[in-house]
Amino acid sequence: MSDRTILITGAAGEIGHGLINALAGQPGVRLIAMDLREVPEELHHKVDSVHQGDICDRAFIEHVISLHRVNEVMHLAALLSTSAERAPEQAHEVNVQGTFNLMRTAAEQAQAYDEPVRFIFPSTIAIYGVEPSEKDELGPIREFQALRPITMYGANKLYCEAMGRYYGRYYRSITRGDRRPPIDFRCLRLPGIISADTLPVGGTSDYVPEMIHASARGEACVCFVRPDTSLPWMMMPECVEAILKLAKAPPLARCVYNVASFSATAGEFAEAVQRHFPGAELSFEPHAGRQSLVDTWPADVDCLRAREDWGYEPQWTLEQAMTQYIVPTVRARYGQAPAPEGAIT
Ligand code: AKB
């Protein structure tokens, strides 16, 4: 691919940090960071330009995209599932109208320069709505199964996937003639993501990162779901790598992909955390509302499409993720000495 001018929305968030750190300094890459919040100072020197503003403000989006002649968008800004249930109408504005503003403006830019804009969209396992009675029968869920989200967040993301498919395949299909669609839309359905560096805000899969960070700080943690709650997971470096790999893949026949490294229950995570942080104080007090959301999310996802189409490879199992990433990184983050030789790490 020739020079890339990449707009990253939600740049101050968890995945934004990871992407900026991974892309900064790559030859031929210009990074434009955008967030409603202030983008942390430590990221400023890694990007070419920083814009603080609201994706719901169309004039702001048009200004930024045309100013930099953006040819790739990594659209991370969103209200996650728990935040969205607390403010559903606002979530719709941000998650749907904000995404529409970006996609529409990117399409206009593509048409002006006759060059499609690549649009990378992290979607979510919350677009699925699996009945508890079907979970065993369905097994690892495939991209076209159980598309019955029960949350505003899941509904928003599923609609935006459809909008992306429209702009990427069918835009103005009856009047466009043989001109290419304006958007090259590529979407990953992310599982629960765990970062050893940052804590998520407003998600429902946050119970695992909360357990890990609290235990590393020597604080007690009350998990808000039942120990038998099972979800698919991946670590932040794997998530960043998958996004970058999808973004660089040659043209693809399909545009929506499941990705995840492993499935694990909250109880299995609690045991792993207790093994690595002896003395960790973990207990379970399920919150009925939040539990009811994760109960409809799949316990496992099928990633065959991503493997076949762009070579996605899950990296770590739960234990490998603990020893190779989580434990050393959180210990360093909270200023703890590495565990003595022979100890489980
Ligand atoms: C959330 O919990 O809302 C997110 C997600 C699974 O998309 N982490």
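Start at 1 and go down the list; that is how both ligands and their atoms are numbered.
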Trainee: Going by the atom numbers of ligand 1, which of them fall below 4.0 Å from some non-hydrogen atom of S81?
Mentor: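 Ligand 1 atoms under the 4.0 Å threshold to S81: 1 (C), 2 (O), 3 (O).
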Trainee: Just need the protein heavy atom nearest to atom 2 (O) of ligand 1, so name the residue and atom and give the distance.
Mentor: T204 N, 2.6 Å
Trainee: Check for me whether the distance between the ring centres of Y166 and Y170 falls short of 6.0 Å.
Mentor: no
Trainee: Nearest to atom 8 (N) of ligand 1, what protein heavy atom do you find, and at what distance?
Mentor: S205 OG, 2.9 Å
Trainee: Enumerate the atoms of ligand 1 whose separation from the nearest heavy atom of T124 is less than 4.0 angstrom.
Mentor: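 Checking each atom against T124, I get 5 (C), 6 (C), 7 (O).
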Trainee: Below the 3.5 angstrom mark, is there an N/O of T82, backbone or side chain, next to an N/O of ligand 1?
Mentor: no
Trainee: When you check the gap from the basic side-chain N to the acidic O, do E143 and R165 get nearer than 4.0 Å?
Mentor: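 No, this pair does not count.
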Trainee: Measure from the side-chain N and O atoms of W233 to the backbone N and O of A264, and report whether any donor-acceptor pair falls under 3.5 Å.
Mentor: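 Between the backbone of A264 and the side chain of W233 there is a qualifying donor-acceptor contact (under 3.5 Å).
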Trainee: Any salt bridge between E161 and K157, counting N to O under 4.0 Å?
Mentor: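 Looking at E161 and K157, the cut-off is not met.
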Trainee: Salt-bridged, R275 to E319, with N to O below 4.0 Å?
Mentor: yes
